[in-house]
Amino acid sequence: MRLGTVAILVILLPLMLSSVTAALRPKKARALMLSVNVLCLLMSAYLLIQVLRQNAAFTVSMGEIGAPFGNELFVSKTEAVVLVGFDLIMLLSLLSGGRKIVHDISINRISLYYTVCSLLLAAMNALVLTNDIFTGYVFLEISTIAAGALIFAGSKRGALMASMRYMIMNLLGSGLFLFGLSILYSLTGELLFSGILQKVSEVAAQGKYTGALFVGLTLISLGLAMKSALFPFHTWLPNAYSLSTPASSSLLSSLVSKAYIFLYIKIIARGVGLSVFRESGANDVLLLYAVLAIVMGSVDAIQQHNVRRMISYSSVAQIGYIFLAVSFATRQGLAAAVFQIFAHSAAKAMLFPAVDRLVEVSGGNENFRDLRGSGYRAPVAGLAFAVGAFSIEGTPPLGGFSAKVFVASAAYAVGSWRMYVALGALAISTVLNIVYFLRTVVTVYRKSDRQPNAFFHQKVNAFRAFLCAFIALNLFMGVGAGSIMQLINGGINIW
Amino acid sequence: MDGAFFKTLFVDHMHETASIVLFSIGFTTLLLNKNLIKKIIGFSMMDNAIYLFLASYGYIEGRFSPIYRDGNTDSGLYVNPLPAGLVLTGIVVSVSVTAILLALTVRLYRRYHTLNIDEISEIVRREGK
């Protein structure tokens, strides 16, 4: 099969089959969605193998129309490896959260839930592969709609309101992004990243329209920062993550906001150009907010007694790391950001289902004190929680450790005051992370005399297997960090 | 700020100024207004302002819409069809987003019997206790 066909199918297959999913019965809808997901995973693995074998990047034109009117997809090593990672994490999240989907969502809505997941998969893959900034916007909106639906699908009290708040903040972000994009388009007349890069560097070299360029870039940055919950735009995040069903929380925290950041990385590196980004000064503003996010997210997380809210707030800090690495405006920084996206997605997507199981065997209360001894009542979930927590803290040999090393060395290469600020923030937040995660891990493994409840006897072998797969993925992120980083760098260096 | 400044702002760049003003009104309404329906109106206004911005760049005075005219294939005679295409796509996107927002509002209203977002948050908080 031609490589271009595969790249297009990765997007079109889930998009087209999503409408079929809606018409099926719940079990069949689930089977169809999961098989589509597996197919997408296989196809993205095929893309990765092809890109590696030919050691080149591919541009796929859609239809017969070439640039500048046509639409393009772009596959390099980075895109391929991110695609594999996203599809794999999506699959594992759905599998390990699937147990609770039946429980949390009324029976006649389950098919629709999988429809939304299918749409989300299509949007995610499109955001990773697209070479066209406006296509990026369209799929950004599709994933916003899908994510909003994922939040209110749960039957929990307040989920509707959380979804509304999520939609409002995200639509504000989309509006700013679209305006920034329009300004960029009116300056360059191009929508493909390669065209924008060429025209922007021409414009910047002549020293014309610096004001308009700055405004456009700022609006795009602000819009995507709002959508991916960078501090202080994170207010929607804790409720949205903690009130939805575990599968939704996993998907939202590990994929939706990360795909936006990946799009942002592509816009900066392949659209606007790193030097223009650096000269505009927008990166320093980003650095400031990233540092605030890292510190404030951790401080907020410490204050939480509800364990799911605590994990949600820790996402705020982790998103801060990613933006910190982006704000260095170097290729090394961007590669570190992509790796951090991976490491965090793998850990967070595992934490939500694991915590859900721990809460279940502890009587359904989400206060972390009630989790006492739950690590013995649900051993695999306890282990998964510990692994996820240690990964986010940055303990070797897990993914989070390697990510922190990469971010720190990127900071070191940048030098100047930025290095001190970045390393200081990393140090502070590591200490804060240890405070709240270690506290919870210790609580989970404390002896308690709680009697096993009904949930304890539930058969959860499949769930255990999926959590083990997640644990393996996190270990692989740490042990194989070098080779993953080589792949990421392989793409970013030729962007 | 002399007359020339205002001339540039309100005459030469009338569309841009208008769209930025409209965008700001829509943005602030979506962010700050407490009424959910008014928020949605603000959202529509914000998006339409951007479409006005894009469409005004797509129009060049004295040129025709990009449909063959008397078999004339000179590209200098027609405007670029791309901005109009973007606006059309954008309208479709914002219509679907508006639909889902309205659906959410209906569900919220049925459940909490108010459209005020602060009151709903208050009820949710009280229920939680």
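Protein chains get the first letters and strands the later ones, always in sequence-line order, with residue 1 at the start of each. Just so we're clear, the structure is a prediction, and the values are computed from it rather than from any experiment. The basis for the numbers below is simple: all heavy atoms, side chains too, and nothing from hydrogens, waters or symmetry mates.
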**Q** If I take atom CZ from residue B:R125 and atom CE from residue A:M161, how far apart are they, to the nearest 0.5 angstrom?
**A**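 Answer for the CZ-CE pair, B:R125 versus A:M161, is 10.0 Å.
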**Q** Which residues from residues 43-53 of chain B are near chain A, with near meaning under 4.5 Å between non-hydrogen atoms?
**A**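 From residues 43-53 of chain B, the residues near chain A are B:F43, B:M46, B:D47, B:I50, B:Y51, B:F53.
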**Q** Answer with side chain, backbone, both or neither: which region of B:L31 has an atom nearer than 4.5 Å to a non-hydrogen atom of chain A?
**A**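 For B:L31, backbone and side chain are both near chain A.
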**Q** To the nearest 0.5 Å, how far apart are CZ in A:R165 and OG in B:S121?
**A**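 OG of B:S121 is found 3.5 Å from CZ of A:R165.
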**Q** Within this structure, what is the OH-OG1 distance for the pair A:Y137 and B:T89, rounded to the nearest 0.5 Å?
**A**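 OG1 of B:T89 is found 10.0 Å from OH of A:Y137.
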**Q** Sort out for me which of B:V93, B:V92, B:T105, B:I40 touches chain A most, counting heavy-atom pairs under 4.5 Å.
**A**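 Highest number of pairs under 4.5 Å: B:V93.
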**Q** Heavy-atom pairs under 4.5 Å with chain B - which of A:I145, A:L181, A:I142, A:L171 has more of them than the others?
**A**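 Of A:I145, A:L181, A:I142, A:L171, A:L171 has the most heavy-atom pairs under 4.5 Å with chain B.
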**Q** Pick whichever of B:I123, B:V97, B:I120 has the most heavy-atom pairs under 4.5 Å with chain A.
**A**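 Looking at each option in turn, the highest pair count goes to B:V97.
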**Q** Can you tell which of B:I100, B:L104, B:L108 makes a side chain to side chain contact (heavy atoms under 4.5 Å, CB included) with A:S163?
**A**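 By the side chain to side chain contact (heavy atoms under 4.5 Å, CB included) criterion, A:S163 pairs with just one of B:I100, B:L104, B:L108: B:L104.
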**Q** Ignoring hydrogens, what is the shortest heavy-atom contact between B:L30 and A:I168? Give both atom names and the distance.
**A**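 For B:L30 versus A:I168, the nearest heavy atoms are O-CG2, 3.7 Å.
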**Q** Which pair of heavy atoms, one from A:G175 and one from B:F23, lies closest together, and at what distance?
**A**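 The answer is O-CE1, 3.7 Å.
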**Q** Can you confirm whether A:Y289 is buried at OH, in the sense that more than 12 heavy atoms of other residues, nucleotides or ligands lie under 6.0 Å from that atom?
**A**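 12 or below, so no.
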**Q** Are A:S186 and B:E16 close enough that some pair of their side-chain heavy atoms sits under 4.5 Å apart?
**A**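 No; the side chains remain at least 4.5 Å from each other.
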**Q** With only heavy atoms counted, which part of A:M164 is less than 4.5 Å from chain B, the side chain, the backbone, both or neither?
**A**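 Both backbone and side chain.
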**Q** Quick one: what part of A:F179 sits under 4.5 Å from any heavy atom of chain B, side chain, backbone, both or neither?
**A**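 Looking at A:F179, backbone and side chain both touch chain B.
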**Q** Kindly compute the distance separating CG (B:L86) from OG (A:S182), expressed to the nearest 0.5 Å.
**A**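 Answer rounded to 0.5 Å: 8.0 Å.
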**Q** Please report the closest heavy-atom contact between A:G158 and B:Y112, naming both atoms and the distance.
**A**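 Looking at all heavy atoms of both residues, the closest pair is N-OH, 4.2 Å.
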